[in-house]
There are 2 protein chains.
Amino acid sequence: MNAEELSGQLAAIASTQRLGIIAHLVGEPLHVSELARRMEMSRALLYMHLAKLEAAGFVTGHLELSDDGKALKFFQAVPFELSITPAVIAAAVNNEEGTNG
Amino acid sequence: MNAEELSGQLAAIASTQRLGIIAHLVGEPLHVSELARRMEMSRALLYMHLAKLEAAGFVTGHLELSDDGKALKFFQAVPFELSITPAVIAAAVNNEEGTNG
DNA sequence: TACATGTGTTAGTATTTGCTGACAGGTGCA
DNA sequence: TGCACCTGTCAGCAAATACTAACACATGTA
């Protein structure tokens, strides 16, 4: 873990919208349109947020075929634990590996 | 801890520059001009970053009088531990208090 | 055919954030 | 007086991010 990776992870969840997305996907996978309705958010915007979350590894998506033959893109939250302390930050900035996860 | 507070905390450290500032201030308080030199950053910019970090509680600053009578603004890192998991996020989004620190 | 549902992408705009340069003011010292 | 330090703030520009509206295309159903 270096400083860029760490700040990338943090930036991915440093948003109330994206925290809301993760909260919605904890324990209950949802497809994009359904999630967009629940979050009262446009699909285009939701795709942008999901892309950032998926790139950082906080959610994962997969296509699923519904009973009536429609392709649904389901997303779910990925289990993780991020523990941040001053020491963890100092280690990351000094580019040391294997310090946190 | 609600979603806004949590995302605020995360946003405050979701920056390689600000991670670098914290790393510099771990175990060694520095005054602004000295820190600006070590980070190779303008003071104006550093003030902006320090303001965000201080508002979020990651660093704390105080004026100190040097031997030769100059006022120096020292900053130091505040000890903390932020533990982020999907459950913590869900709790924050649902506005529950007392779940994480 | 037409409508409701879904995925996925793009162009363009609005808002926020990061950053620079310049300023005003203070102390100590030669 | 002038120089070398320091704190603190502001206007303005640059770049990144968030967001909207619109498009193309697919399936099932009336």
Side-chain angles (χ1 to χ4, degrees), chain A residues 3-22 24-25 28-56 58-76, chain B residues 3-22 24-25 29-56 58-76 93:
Chain A
E4 267 195 36
E5 288 166 359
L6 180 53
S7 72
Q9 297 246 306
L10 293 169
I13 50 175
S15 145
T16 53
Q17 305 263 49
R18 291 196 286 273
L19 290 178
I21 291 173
I22 292 176
H24 273 83
L25 298 180
E28 181 187 24
L30 294 174
H31 67 265
V32 178
S33 291
E34 175 62 24
L35 180 54
R37 273 192 297 270
R38 298 202 191 181
M39 306 259 331
E40 296 181 327
M41 178 186 294
S42 73
R43 271 187 320 112
L45 180 54
L46 182 53
Y47 267 92
M48 189 267 289
H49 285 308
L50 283 171
K52 296 199 174 187
L53 286 172
E54 190 169 31
F58 293 108
V59 304
T60 178
H62 65 277
L63 277 175
E64 221 169 272
L65 221 54
S66 67
D67 291 339
D68 63 353
K70 277 174 190 154
L72 304 182
K73 178 86 174 234
F74 273 85
F75 276 91
Q76 58 189 305
Chain B
E4 266 195 37
E5 288 167 0
L6 180 53
S7 74
Q9 296 246 305
L10 294 169
I13 50 175
S15 144
T16 52
Q17 307 261 51
R18 291 196 285 273
L19 290 178
I21 290 173
I22 292 176
H24 273 84
L25 298 181
L30 293 173
H31 67 263
V32 178
S33 291
E34 176 62 23
L35 181 54
R37 273 191 298 270
R38 297 203 191 180
M39 306 260 331
E40 296 180 326
M41 178 186 295
S42 73
R43 268 187 324 110
L45 180 53
L46 182 53
Y47 266 92
M48 189 267 291
H49 285 307
L50 283 172
K52 295 195 175 190
L53 286 172
E54 190 169 30
F58 293 109
V59 305
T60 178
H62 63 277
L63 278 175
E64 220 168 274
L65 221 54
S66 68
D67 289 341
D68 63 354
K70 278 174 190 155
L72 304 180
K73 177 87 174 235
F74 274 85
F75 276 91
Q76 56 187 307
V93 170

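Letters go in sequence order (proteins before strands), and every chain restarts at 1.
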Q: Could you tell me the separation between the OH atom of Tyr47(A) and the P atom of dC23(D), rounded to a whole number of Å?
A: 19 Å

Q: Quick one: sort the His31(B) and Phe74(B) rings into parallel, tilted or perpendicular, breaks at 30° and 60°.
A: perpendicular

(Q) Does dT7(C) have its OP1 or OP2 closer than 4.0 Å to a side-chain nitrogen or oxygen of Ser33(A)? (A) yes

Q) Between His31(A) and dT7(C), is there a side-chain N or O to OP1/OP2 distance below 4.0 Å? A) no

**Q.** Residue whose closest nucleotide on DNA chain D lies nearer the 5' end, Ala11(A) versus Ala44(A)
**A.** Ala11(A)

Q: Would you tell me if any nitrogen or oxygen in the side chain of Ser42(B) comes within less than 4.0 Å of OP1 or OP2 on dT20(C)?
A: yes

Q: Indicate whether OP1 or OP2 belonging to dA18(D) is found under 4.0 Å from a side-chain N or O atom of Arg18(A).
A: yes

Q. Of all heavy-atom pairs between Ala11(A) and Arg18(A), which one has the smallest distance, and what is that distance?
A. O-NH2, 3.0 Å

Q) Where the side chain of Arg37(A) is concerned, which of dT20(C), dC6(D), dG6(C) is the nearest nucleotide? A) dG6(C)

**Q.** Side-chain donor/acceptor of Arg43(A) to base of dG6(C), under 3.5 Å
**A.** no

Q. Under 4.0 Å between a side-chain N/O of Lys73(B) and OP1 or OP2 of dG8(D), yes or no?
A. yes

Q: Just do the side-chain contact (heavy atoms from CB on, under 4.5 Å) check on Leu53(A) and Ile13(A) with the steps written out, would you?
A: CA-CA 7 Å; Leu53(A) 286 172; Ile13(A) 50 175; 4.2 Å; yes

Q) Which nucleotide, dT7(D), dG18(C), dG8(C), lies nearest any side-chain atom of Val32(B)? A) dT7(D)

Q: May I ask you to evaluate whether Gln17(A) reaches the phosphate of dC19(D), defined as a side-chain N or O under 4.0 Å from OP1 or OP2?
A: yes

Q) Does a nitrogen or oxygen in the side chain of Lys70(A) sit under 4.0 Å from OP1 or OP2 of dA4(C)? A) no

Q) Taking only N and O in the side chain of His49(A), is any of them less than 4.0 Å away from OP1 or OP2 of dC19(D)? A) yes

(Q) Set out, in order, the CA-CA distance, both residues' side-chain angles and the distance that settles side-chain contact (heavy atoms from CB on, under 4.5 Å) for His24(A) and Glu28(A), then state yes or no. (A) CA-CA 7 Å; His24(A) 273 83; Glu28(A) 181 187 24; over 6 Å; no

